[in-house]
Protein chains: 2
Amino acid sequence: MAPLGRIPEATVARLPLYLRGLDAFPVGVTATVSSDELADLAGVNAAKVRKDLSHLGTYGTRGVGYDAAFLRFQISQALGVANVWPVVVCGMGNLGRALANHTGFTDRGFPVVAATDSDPDKIGTVVDGVPVHAPGELGDIVRRLGVAIGVISTPAEAAQGTADALVAAGVTSIMSFAPTVLSAPDEVEIRSVDLATELQILGFHLHRDRIAGDS
Amino acid sequence: MAPLGRIPEATVARLPLYLRGLDAFPVGVTATVSSDELADLAGVNAAKVRKDLSHLGTYGTRGVGYDAAFLRFQISQALGVANVWPVVVCGMGNLGRALANHTGFTDRGFPVVAATDSDPDKIGTVVDGVPVHAPGELGDIVRRLGVAIGVISTPAEAAQGTADALVAAGVTSIMSFAPTVLSAPDEVEIRSVDLATELQILGFHLHRDRIAGDS
DNA sequence: AGCCTCTTGTGAACTGATGCACAAGGTGTC
DNA sequence: GACACCTTGTGCATCAGTTCACAAGAGGCT
Ligand SMILES: NC(=O)c1ccc[n+]([C@@H]2O[C@H](COP(=O)([O-])OP(=O)(O)OC[C@H]3O[C@@H](n4cnc5c(N)ncnc54)[C@H](O)[C@@H]3O)[C@@H](O)[C@H]2O)c1
Ligand SMILES: NC(=O)c1ccc[n+]([C@@H]2O[C@H](COP(=O)([O-])OP(=O)(O)OC[C@H]3O[C@@H](n4cnc5c(N)ncnc54)[C@H](O)[C@@H]3O)[C@@H](O)[C@H]2O)c1
């Protein structure tokens, strides 16, 4: 119904999964997909799929399902995947290099256009097609290349400084891998990916099960 | 109150953050920390800190705060961080190498003890101290080294097969980076870290702001 | 001792998300 | 045209998590 009414955060987080699920349907071929099928493809349940899609509009046909191509178009539209958002990787270490070398990002509209690193041996080099600059040039890079998203893969100690520099340069979207809390103005969106924490959550459940197993 | 009553999932996910925040307090020195301070250190709000900690027990002192060392001990206890959970990295590519080379995991009780890869050139080599084996040896590795957690950093196509092999070997905790849905028995916990999806969520908000900006 | 100040622990309201269950509405068949 | 059969869209109940607000307790000061 609502062509662009507020979309719940939880729904936004699932739209990319639906889009990925729709890759199972060849482009150009007319095909319909039911909420049940799409639920399987995205790893969620069917009721959620229908409720999520209803936030975008009523694009399904009762008794039939959704037109795969049209649905793909609508979700793409809602997510704004037609846009290309250039990314700068800050900290070209082990993780930064893996990210820069990853093709999956460019494919989805997030090309890594530049990197920074404080190591003099790395500055000025080009790694996997990505030029590495000094951290001080960050503001310049952002302006010159129209960077929209900053990735922080520096050591934890340098993360806050890097975030500050990104914000100062006008970047409002940050993905950080540093295991530390970052502060930034409210209008800046920070997504923190903390792998050690993920492992600790797995560890908690293992620990729990072990205790439950004894008796 | 409840020494080990069910701890809400959302709380479990934050306990590692509190533990990290407590690193700001030197070991061996008696210090108290208030829910306000800890909230800052962990990047959440104070009410949440208090409610979360109340699930572990009443370890605070009204009017004073929490004893930092004792609190650290109690959270560690709840999370079971005294345990060491050996990890196997499946897929020693760009990402797998970064993970294997990362010291932060070993420090927290998650040593990467082995890896697998299907590339004949990599099998038999040792990368950053981690021996690389053929995928077929996975079951053997798990049993021999007591692997508790499997990390999937293979291409998406190989992810399900790798998950199946892990499950067959008795691994019940999996962290996957492959952009695909994995199916496994209910008792297996899978945490899927999907970086492209994270970027798309950032992209959605950028897109939204851009639309709102025009008028 | 009495009082003041501080911070915890928690009941209760609120918010957001989930999942059920079914009417509404479309397709195809007889 | 009527009927049988699907699958969507959604109202509603439920659940988990968050936030508020304050009484209960602890320490310190006079
Ligand atoms: N490697 C992993 O698998 C992994 C896993 C989880 C978390 N992390 C986190 O990601 C971050 C990076 O990890 P890594 O393994 O790549 O570390 P790394 O040490 O290999 O790389 C860090 C890089 O950042 C550079 N750097 C330092 N200060 C900088 C600055 N001010 N500006 C720009 N660059 C700077 C260093 O020169 C180095 O090249 C760390 O915070 C780490 O805790 C890494
Ligand atoms: N590199 C990144 O920054 C990044 C970011 C997001 C997601 N991912 C995902 O993580 C996964 C790995 O990414 P990558 O960049 O390291 O890819 P990569 O191609 O560099 O590495 C994949 C490795 O897996 C090995 N492999 C293939 N089949 C295997 C099997 N059956 N068993 C064991 N090993 C096997 C390959 O030989 C290769 O070494 C992919 O699914 C990718 O989509 C990577």
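Any value given below was found using the heavy atoms of this structure, including those in side chains, with hydrogens, waters and symmetry copies removed. Naming convention: chains lettered A, B, ... in sequence-line order (proteins, then strands); numbering from 1 in each chain.
- In this structure, CG of A:Asp67 is placed 13 Å from P of C:dT27, rounded to the nearest angstrom.
- In this structure, B:Asp36 places its CG atom 7 Å from P of C:dT8, rounding to the nearest Å.
- Between the CD atom of B:Gln74 and the P atom of C:dG9 there is a distance of 12 Å, given to the nearest Å.
- In this structure, the side chain of A:His207 engages the main chain of B:Gln77 through a donor-acceptor pair within 3.5 Å.
- The base of D:dG17 does not come close enough to the side chain of B:Lys51 for any donor and acceptor atom to sit less than 3.5 Å apart.
- Using a 4.0 Å heavy-atom distance criterion, A:Asn45 is classed as a sugar-phosphate-only contact.
- With B:Gln160 contributing its side chain and B:Ser183 its backbone, the two residues share a donor-acceptor pair below 3.5 Å.
- Within residues 9-30 of chain A, the residues approaching DNA chain C are A:Glu9, A:Ala10, A:Arg14, by heavy-atom distance under 4.0 Å.
- A sub-4.0 Å separation between OP1 or OP2 of C:dT7 and a side-chain N or O of B:Ser35 is absent.
- In this structure, A:Leu56 places its CG atom 10 Å from P of D:dG9, rounding to the nearest Å.
- Computed from coordinates, the B:Leu38 CG to C:dT7 C1' distance equals 14 Å when rounded to whole Å.
- Nearest heavy atoms, A:Asp117 versus A:Gly91: OD2-C, 3.7 Å.
- Going from atom CZ of B:Arg50 over to atom C1' of D:dT19 covers 10 Å, rounded to whole Å.
- Residue B:Tyr66 places at least one side-chain N or O under 4.0 Å from the OP1 or OP2 atom of C:dG9.
- Counting atom types as modelled, A:Arg62 pairs no side-chain N or O with a base atom of D:dT7 as donor and acceptor under 3.5 Å.
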Going by atom type alone, with no hydrogens or angles, which donor-acceptor pairs under 3.5 Å involve a side-chain atom of residues 94-109 of chain A and a protein atom two or more places apart or on another chain?
from, atom 1, to, atom 2, distance (Å)
A:Asn94, OD1, B:Asn101, ND2, 2.8
A:Asn101, ND2, B:Asn94, OD1, 2.8
A:Arg108, NH2, A:Asp23, OD2, 3.4

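- Between A:Ala47 and B:Gly60, it is B:Gly60 whose nearest contact on DNA chain C lies nearer the 5' terminus.
- With A:Asp128 contributing its side chain and A:Val130 its backbone, the two residues share no donor-acceptor pair below 3.5 Å.
- Atoms OG1 and CG, on B:Thr162 and B:Leu182 in that order, are 9.0 Å from each other to the nearest 0.5 Å.
- Rounded to whole angstrom, the span from the NZ atom of A:Lys48 across to the P atom of D:dG9 amounts to 18 Å.
- Distance A:His55 NE2 to C:dG16 P: 12 Å, rounded to the nearest Å.
- Salt bridge A:Lys48/A:Asp52: absent, no basic N to carboxylate O contact under 4.0 Å.
- Among A:Ile201, A:Leu199, A:Leu195, the single residue meeting the side chain to side chain contact (heavy atoms under 4.5 Å, CB included) criterion with B:Arg191 is A:Ile201.
- Scanning residues 181-195 of chain A for heavy-atom distances under 4.0 Å to DNA chain C yields an empty list.
- Results of the side chain to side chain contact (heavy atoms under 4.5 Å, CB included) test with B:Tyr66 over B:Leu53, B:Thr32, B:Leu38, B:Leu22 single out B:Leu53 as the only residue that passes.
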